[in-house]
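Remarks on the structure that follows.
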Amino acid sequence: MSTPVDAAEGPWLVVGLGNPGPEYAGNRHNVGFMVVDLLAERIGGRFKSHKSRAQVLEGRLAGRRVVLAKPMSFMNVSGGPVTALRDFYKVPLGNVVVVHDELDIDYGTLRLKAGGGDNGHNGLKSITKSLGPDYGRVRFGIGRPPGRMDVAAFVLKDFSATERKELDYFVDRAADAVEAFVEHGLERAQSAYNS
């Protein structure tokens, strides 16, 4: 098991999970992309293609050196690009944060944690297979599908009209949570954002 190191000892890698392509852009499964896109706006930079099969943006967030990343592989094979980026930028495992959708949390609710299982999330499953489980997570609640709707169909649908009314607020809050994680560490960020 890797021991997380002090943030000063290396850059941070903040990975938003999603699927590439305009047809997926508004999907619930792409909320990780939405959060890192907002962080990119805050940094004031643009994503560029990287040889790791990801879009990356290097900058400073909360006074720390940060690499924002969106894997351009599909969700279920995110582990390869994330591992390649971690190795390329020499990021300590304790400084890797993955932002992703979470079915078992109510819509808009955030939970920050380090380590743990993948809870059936194929993106996390792929990353854990490559890196092990000891990376940080910002889990963005999307709730469970209504009735008997298939989970895969639910996550690959756009947010509903009702959900979209609050989506910008929740994405903004998730971006704030990432900044707090990077600046103050997990415990302080959890006490501020875990609801």
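Count residues from 1 along the sequence. This is a predicted model, so every value here is computed, not measured.
The minimum heavy-atom distance linking Glu179 with Ala62 is given by the pair O-CB, 3.9 Å. Summarising the geometry of Leu124 relative to Arg137, their closest heavy-atom pair is CD1-NH1, 4.1 Å, with the distance given to 0.1 Å. Contact detail for Leu110 and Ala177: the closest heavy-atom pair is CD1-CB, 4.0 Å. Smallest separation of non-hydrogen atoms from Pro11 and Lys90: CD-O, 3.8 Å. The minimum heavy-atom distance between Ser130 and Thr83, with the atom names listed, is CB-OG1, 2.9 Å.
Between Pro71 and Val82, some side-chain heavy-atom pair lies under the 4.5 Å cut-off. Using a 4.5 Å heavy-atom cutoff, the side chains of Asn27 and Val155 are not in contact. Residues Lys70 and Phe47 have side chains in contact (heavy-atom distance under 4.5 Å, counting atoms from C-beta outward). Residues Trp12 and Val91 fail the side-chain proximity criterion, which asks for heavy atoms closer than 4.5 Å. Side chains of Asn19 and Phe33 form no contact here, defined as non-hydrogen atoms less than 4.5 Å apart. Between Leu17 and Val98 there is a side-chain heavy-atom pair separated by less than 4.5 Å. Side chains of Arg60 and Val66 form no contact here, defined as non-hydrogen atoms less than 4.5 Å apart. Side-chain contact between Val97 and Val15: absent, with no pair of heavy atoms (C-beta onward) separated by less than 4.5 Å.
Remark: side-chain polar atoms of Ser78 are paired, donor with acceptor, to backbone N or O of Met75 under 3.5 angstrom. Checking side-chain atoms of Asp106 against main-chain N and O of Gly143 turns up no donor-acceptor pair under 3.5 Å. The backbone N or O of Asn122 sits nowhere less than 3.5 Å from a side-chain atom of Ser126 that would complete a donor-acceptor pair. Side chain of Asp150 to backbone of Ala153: a donor-acceptor contact under 3.5 angstrom is found. Here the side chain of Asn76 pairs no donor or acceptor atom with the backbone of Gly123 at under 3.5 angstrom. Glu163 places a side-chain N or O within donor-acceptor distance of the main-chain N or O of Ser160, the cut-off being under 3.5 Å.
For Phe159 and Tyr107, the ring centers sit closer than 6.0 Å to each other.
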In sequence, state the C-alpha distance, the side-chain angles, and the governing distance for Phe154 and Leu103, and then conclude on side-chain contact (heavy atoms from CB on, under 4.5 Å). CA-CA 10 Å; Phe154 178 71; Leu103 284 162; 3.8 Å; yes
Starting from the C-alpha separation in whole Å, work towards a yes-or-no answer on side-chain contact (heavy atoms from CB on, under 4.5 Å) for Ile142 and Glu102. CA-CA 6 Å; Ile142 60 169; Glu102 179 63 60; 5.9 Å; no
Set out, in order, the CA-CA distance, both residues' side-chain angles and the distance that settles side-chain contact (heavy atoms from CB on, under 4.5 Å) for Tyr193 and Arg173, then state yes or no. CA-CA 8 Å; Tyr193 290 95; Arg173 193 163 182 272; 4.0 Å; yes
Is there a side-chain contact (heavy atoms from CB on, under 4.5 Å) between Lys48 and Leu57 once you walk through the steps? CA-CA 6 Å; Lys48 294 182 172 76; Leu57 169 61; 5.9 Å; no
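One finds the CG atom of Leu68 at 9.5 Å from the CG atom of Asp37 (value rounded to the nearest 0.5 Å). With values rounded to the nearest 0.5 angstrom, Phe181 atom CZ is found 7.5 Å from Gln190 atom CD. Here OG1 of Thr109 is found 6.0 Å from CZ of Arg111. Values are rounded to the nearest 0.5 Å.
For Lys113, the NZ atom is densely surrounded, since the number of other residues' heavy atoms within 6.0 Å is greater than 12.
By the side chain to side chain donor-acceptor pair (under 3.5 Å) test, Asp172 is found to be paired with Arg42, residues two or more places apart in sequence or in another chain being considered. Remark: Asn30 pairs with no residue by the side chain to side chain donor-acceptor pair (under 3.5 Å) rule, at least two apart or across chains.
Hydrophobic cluster membership is shared by Leu13 and Leu131, with clusters built from Ile, Leu, Val, Met, Phe, Trp and Tyr side chains linked at under 4.5 angstrom. Note on Leu186: it clusters hydrophobically with Phe140, by side-chain heavy-atom contacts below 4.5 Å among ILVMFWY residues. Both Tyr169 and Leu112 belong to a common hydrophobic cluster when Ile, Leu, Val, Met, Phe, Trp and Tyr are linked at side-chain heavy-atom distances under 4.5 angstrom. Connection of Val96 to Met72 is not established within any shared hydrophobic cluster, with ILVMFWY side chains joined at heavy-atom distances below 4.5 Å, either directly or through further cluster members. Hydrophobic clustering (ILVMFWY, side-chain heavy atoms < 4.5 Å, transitive): Leu38 and Val36 are in one cluster.
Checked by atom type, the side-chain pair Glu58/Tyr89 shows a donor-acceptor distance below 3.5 Å.
Tested against Asp101 for a side chain to side chain donor-acceptor pair (under 3.5 Å), the candidates His121, Arg139, Arg28 yield a single pass: His121.
Cation-pi check for Arg86 over Phe88 is not met; the charged atom does not lie both under 6.0 angstrom from the ring centroid and within 45 degrees of its normal.
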